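Keep in mind it's a predicted model, so treat the numbers as computed, not measured.
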Amino acid sequence: LKSRNSGVVLAVCSLHYYCGTNSNSTGTALGKALVRILRNAREIQYVVLQAIATMATERPQLFIPFLADFYIKATDPQFARSLKLQVLTALTVDDN
């Protein structure tokens with residue numbers, strides 16, 4: 001999960017998400033790794049946001065600690081805005 005290659009990180013996170021355990025420590029590590037590679041180039045950002053949006057609909061607790069990373073910035077492209085809104089909608093609960 002600490003690889004510099006975004007494809008490797010995304011593949012390992014997807015594997016853990018679909019085949020791994022549902023523990024809090026693993027979930028936090030997955031969320032942290034995906035949010036870290038979210039800051040890369042736009043092409044990578046689209047693929048990672050798409051994966052995060054899919055994961056956040058089923059297990060939002062993975063990304064709730066990183067809620068501020070999904071705030072929309074004025075410089076975000078249209079695809080990033082719509083995917084970030086989708087993630088923020090999935091992360092919305094009564095507590096926040």
Side-chain angles (χ1 to χ4, degrees):
L1 294 177
K2 295 185 180 190
S3 175
R4 292 179 138 195
N5 188 328
S6 301
V8 171
V9 174
L10 183 59
V12 169
C13 288
S14 296
L15 180 68
H16 273 285
Y17 178 77
Y18 290 110
C19 299
T21 62
N22 196 4
S23 68
N24 286 337
S25 61
T26 304
T28 303
L30 293 179
K32 184 176 182 180
L34 287 172
V35 169
R36 180 180 56 85
I37 65 171
L38 185 62
R39 298 182 186 107
N40 288 345
R42 285 187 177 184
E43 296 83 10
I44 297 168
Q45 187 181 27
Y46 176 76
V47 174
V48 173
L49 272 172
Q50 195 74 21
I52 290 174
T54 302
M55 293 178 187
T57 56
E58 294 180 20
R59 291 200 278 177
Q61 70 274 11
L62 297 177
F63 302 103
I64 287 177
F66 311 104
L67 193 65
D69 290 306
F70 300 109
Y71 292 163
I72 297 173
K73 300 177 186 86
T75 57
D76 283 342
Q78 182 61 36
F79 73 86
R81 291 178 189 203
S82 62
L83 285 171
K84 283 183 177 182
L85 278 175
Q86 186 177 352
V87 171
L88 286 172
T89 303
L91 298 181
T92 304
V93 292
D94 292 336
D95 295 340
N96 59 5

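At least one donor-acceptor pair closer than 3.5 Å links the side chain of T57 to the backbone N or O of T54.
A heavy-atom distance below 4.5 Å is found between the side chains of L49 and K84. In this structure, the side chains of N22 and H16 stay at 4.5 Å or more apart for every pair of heavy atoms. Side-chain atoms of P60 and M55, non-hydrogen and from C-beta on, never get closer than 4.5 Å to each other.
To the nearest 0.5 Å, atom CG of residue L91 and atom CD of residue Q86 are 10.5 Å apart. Annotation: the span from L10 atom CG to I44 atom CD1 amounts to 10.0 Å, rounded to 0.5 Å. Between the CG atom of L83 and the CD atom of Q78 there is a distance of 10.0 Å, given to the nearest 0.5 Å. Between atom CZ of residue R4 and atom CG of residue N40 there is a gap of 11.0 Å, rounded to the nearest 0.5 Å.
Here the shortest heavy-atom pairing between T21 and R59 reads O-NH1, 4.1 Å. When every heavy atom of Y17 is checked against every heavy atom of L30, the shortest pair comes out as N-CD1, 4.2 Å. For L38 against F70, the heavy-atom pair with the smallest separation is CD2-CE2, 3.9 Å. Shortest non-hydrogen contact noted between A74 and R81 is O-NH2, 2.8 Å. Nearest heavy atom pair, residue F66 against residue G31, reads CE1-C, 3.6 Å.
Considering only residues two or more places apart in sequence or on other chains, R42 meets the salt bridge (charged side-chain N to carboxylate O under 4.0 Å, His left out) condition with none of them. Applying the side-chain contact (heavy atoms from CB on, under 4.5 Å) test to V9 and every residue at least two apart in sequence or in another chain returns S3, C13, A33, R36, I37. Not a single side-chain contact (heavy atoms from CB on, under 4.5 Å) links N24 to another residue, sequence neighbours left out.
Under a hydrophobic clustering in which Ile, Leu, Val, Met, Phe, Trp and Tyr are joined whenever their side-chain heavy atoms come within less than 4.5 Å, directly or via other members, L85 and I52 fall into different clusters. The hydrophobic clustering, which links ILVMFWY residues whose side-chain heavy atoms are closer than 4.5 Å, places V12 and V47 apart. Put simply, I64 and L34 are part of the same group of oily side chains (I, L, V, M, F, W, Y) that touch within less than 4.5 Å, one to the next. Both V8 and L1 are assigned to one and the same hydrophobic cluster, defined by single-linkage of ILVMFWY side chains at heavy-atom distances under 4.5 Å.
Of the N and O atoms on the side chains of S25 and T28, not one donor lies less than 3.5 Å from an acceptor on the other residue.
With a 6.0 Å radius and a threshold of 12 heavy atoms from other residues, nucleotides or ligands, F79 has its CZ atom above the threshold.
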*Using the side-chain hydrogen bond (donor to acceptor under 3.5 Å, both in side chains) rule, take T89 and T92 through it: C-alpha gap first, then chi angles, then the decisive distance, then the call.*
CA-CA 5 Å; T89 303; T92 304; 5.5 Å; no
